K.L.:
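After the structure tokens below, expect a handful of questions from me.
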Amino acid sequence: MSGFDKVVNSYEEALAGLADGMTLLAGGFGLCGIPEGLIAQIKKSGVKNLTVVSNNAGVDDFGLGLLLQDRQIDKMVSSYVGENALFEKQVLEGELEIELTPQGTLAEKMRAGGAGIPAFYTATGYGTPVGEGKEEREFNGRMYILEESITGDFAIVKGWKADRYGNVIYRHTAQNFNPSVATAGRITVVEVEEIVEPGELDPMHIHTPGIYVDRLIQGKFEKRIEQRTVREA
Amino acid sequence: MRVAHEMHDGYYVNLGIGIPTLVANYIPDGMQVMMQSENGLLGMGPFPTDDKVDADMINAGKQTVTAVTGASIFSSAESFAMIRGGHVDLTVLGAFEVDVEGNIASWMIPKKLVKGMGGAMDLVAGADNIIVTMTHASKHGDSKLLPKCTLPLTGAGCIKKVVTNLAYIEIADNKFWLKERAPGVSVDEIVEKTAGEMVVPDYVPEMEF
């Protein structure tokens with residue numbers, strides 16, 4: 001690597017420094033737009049006691065579910081975890097802590113975290129179990145709760161195309177949490193389908209500017225579909 | 001079907017997962033409505049044909065979908081900015097219970113495993129115009145329209161309109177207000193299956209579709 005070139009050539013290099021007990025932010029919605037190769041590397045590395053912040057927890061044999069198989073995760077911060085039987089089992093047996101967070105609050109926690117905003121007020125969750133124990137304040141006659149932002153030791157992101165400088169474009173709804181996650185990692189690692197030379201992507205079309213990206217790797221993706229729904233031709 | 005009446009030309013609408021997605025099938029011809037899917041799609045279209053299935057193109061229910069002409073795609077943070085900022089014209093979602101104060105419980109049954117609230121808390125807190133669709137009573141006959149929700153809340157004081165299999169009801173001044181009854185349903189049956197205080201006018205029209 002030199003200058004702005006963020007490309008690394010191995011998954012070991014991409015995740016060098018990831019250690020036991022760290023907080024990991026992961027992009028993706030269900031199995032859509034997940035950094036498959038980086039997750040596989042985390043499984044292979046055997047790091048443990050992770051706190052993982054991700055909207056969902058994958059399924060039993062794919063996505064973040066792979067990290068549950070070897071009990072690498074101590075705590076998940078997610079909005080919905082309904083697709084994963086292994087997850088349920090580990091929660092019920094007290095091996096896995098879950099902090100359920102409303103989806104918009106979760107996205108905003110990482111957006112704000114990446115933007116240097118430590119906390120924000122939101123109406124979401126006021127008067128519900130989510131608001132319990134949190135500071136409340138009235139603005140213009142409406143009640144809000146204070147939510148603290150999230151940053152992570154590592155952020156893992158899945159993009160479509162990136163140039164070597166780490167300017168990233170996402171494809172369709174595989175964007176989801178990825179741009180926010182990318183801003184909130186102390187070390188942000190992006191796995192993409194294609195790496196091109198600087199200048200090949202139109203600067204107007206960049207979703208994640210390279211300033212947020214520390215390491216970039218080209219991966220191969222299975223892109224598993226959770227609910228294949230079709231109509232007649 | 002009744003819910004389709006609440007849609008207007010040019011509306012941006014978020015339909016929750018489950019019953020409410022049925023509503024999309026009843027939008028009148030000639031009316032332009034854009035469906036918002038909270039994973040980051042405004043202008044959700046029908047399921048794709050088999051040859052057009054794309055793993056990168058899904059809705060909030062993780063089903064493969066298409067985008068309509070004029071759609072836009074964005075991040076989750078942007079998606080919830082439009083929801084929480086009150087920019088979505090109509091939100092339709094399901095519930096376990098609602099009460100006379102406009103509280104809604106839809107995500108958590110104690111002692112059963114909790115899967116999460118997804119985007120429901122953001123949707124009910126962010127939208128002005130929310131319609132709850134649900135069955136009026138449980139399979140055992142217990143009313144879901146209560147004086148006070150018994151389950152943990154999804155949102156406090158945010159529901160004003162409820163459409164059930166029996167009736168269309170509005171919520172104001174800590175009361176239910178019976179507005180319409182489903183075809184063939186008697187006012188007596190609605191009263192019997194509504195546990196919270198309800199104002200019943202002398203004449204309750206049948207829903208029109």
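What you see is a predicted model, and the numbers here were worked out from it, not measured in a lab. Chain letters run A, B, ... following the sequence lines, proteins first, then strands; residues in each count from 1.
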K.L.:
Taking it one step at a time, do A/Phe154 and A/Asp214 satisfy side-chain contact (heavy atoms from CB on, under 4.5 Å)?
P.N.:
CA-CA 10 Å; A/Phe154 269 78; A/Asp214 298 288; over 6 Å; no
K.L.:
Would you confirm whether B/Thr164, through its side chain, and B/Ala167, through its main-chain N or O, come within 3.5 Å as a donor-acceptor pair?
P.N.:
yes
K.L.:
Chain A: which of B/Ala55, B/Pro46, B/Ala156, B/Ala105 shares the most heavy-atom pairs with it under 4.5 Å?
P.N.:
B/Ala55
K.L.:
Tell me, out of B/Thr154, B/Asp54, B/Thr66, who's got the most heavy-atom pairs with chain A below 4.5 Å.
P.N.:
B/Asp54
K.L.:
Given that the side chain runs from C-beta out, which part of B/Glu78 has a heavy atom under 4.5 Å from chain A: side chain, backbone, both or neither?
P.N.:
neither
K.L.:
Does the side-chain hydrogen bond (donor to acceptor under 3.5 Å, both in side chains) test come out yes or no for B/His136 and B/Thr194, once each step is laid out?
P.N.:
CA-CA 8 Å; B/His136 208 97; B/Thr194 305; 2.8 Å; yes
K.L.:
Is it the backbone or the side chain of A/Ser180 that comes under 4.5 Å from a heavy atom of chain B, or both, or neither?
P.N.:
side chain
K.L.:
With a 4.5 Å cut-off on heavy-atom pairs, point out which of A/Lys223, A/Arg171, A/His207 contacts chain B the most.
P.N.:
A/Arg171
K.L.:
Let's test your reading of the structure: which of A/Leu92, A/Leu106, A/Ile225, A/Asn176 forms the most heavy-atom pairs below 4.5 Å with chain B?
P.N.:
A/Asn176
K.L.:
Considering the options A/Tyr126, A/Phe139, A/Tyr121, which one meets the ring-ring contact (aromatic ring centres under 6.0 Å, His included) requirement together with A/Tyr144?
P.N.:
A/Phe139
K.L.:
With a 4.5 angstrom heavy-atom cut-off, could you sort out which part of B/Ser37 is near chain A: side chain, backbone, both or neither?
P.N.:
neither
K.L.:
Pick one of side chain, backbone, both or neither for B/Asn103, based on which atoms fall under 4.5 Å of a heavy atom in chain A.
P.N.:
neither
K.L.:
Only pairs of heavy atoms separated by less than 4.5 Å count here; which of A/Cys32, A/Ala123, A/Gly127 has the most with chain B?
P.N.:
A/Cys32
K.L.:
Whether the B/Gln36 and B/Ser79 side chains hold a donor-acceptor pair (N or O, under 3.5 Å, no angle test) is what I'd like checked.
P.N.:
yes
K.L.:
Check the pair B/Glu38, B/Asn14 against side-chain hydrogen bond (donor to acceptor under 3.5 Å, both in side chains), reporting the backbone distance first and the verdict last.
P.N.:
CA-CA 8 Å; B/Glu38 62 263 28; B/Asn14 183 294; 3.1 Å; yes
K.L.:
Out of A/Thr229, A/Leu100, A/Thr128, A/Thr173, return the one with the most heavy atom pairs under 4.5 angstrom to chain B.
P.N.:
A/Thr229
K.L.:
Is A/Asn56 close to chain B through its backbone or its side chain, or both, or neither, when contacts mean heavy atoms under 4.5 Å?
P.N.:
side chain
K.L.:
Please determine whether a side-chain nitrogen of the Lys or Arg among A/Arg71 and A/Glu95 lies less than 4.0 Å from a carboxylate oxygen of the Asp or Glu.
P.N.:
yes
K.L.:
Quick one: what part of A/Thr101 sits under 4.5 Å from any heavy atom of chain B, side chain, backbone, both or neither?
P.N.:
backbone
K.L.:
Could you tell me which of B/Arg84, B/Met108, B/Met121 has the largest number of non-hydrogen atom pairs under 4.5 Å with chain A?
P.N.:
B/Arg84
K.L.:
Among A/Arg224, A/Glu108, A/Met110, A/Gln175, who wins on heavy-atom pairs under 4.5 Å with chain B?
P.N.:
A/Gln175
K.L.:
Could you tell me whether A/Glu193 and A/Lys158 have a side-chain N and a carboxylate O separated by less than 4.0 Å?
P.N.:
yes
K.L.:
Would you check if there is a donor-acceptor pair between the side chains of B/Asp122 and A/Thr124 at a distance under 3.5 Å?
P.N.:
yes
K.L.:
Report yes or no: do A/Tyr170 and B/Ser75 form a side-chain donor-acceptor pair below 3.5 Å?
P.N.:
no
K.L.:
Strictly by modelled atom types, are A/Glu232 and B/Thr49 linked by a side-chain donor-acceptor pair under 3.5 Å?
P.N.:
no
K.L.:
Under a 4.5 Å cutoff for heavy-atom pairs, which residue among A/Glu226, A/His172, A/Met143, A/Arg231 has the most contacts with chain B?
P.N.:
A/Arg231
K.L.:
Less than 4.5 Å to any heavy atom of chain B: does that hold for the side chain of A/Arg111, its backbone, both, or neither?
P.N.:
side chain
K.L.:
Sort B/Ile58 into side chain, backbone, both or neither according to what part of it lies under 4.5 angstrom from a heavy atom of chain A.
P.N.:
both
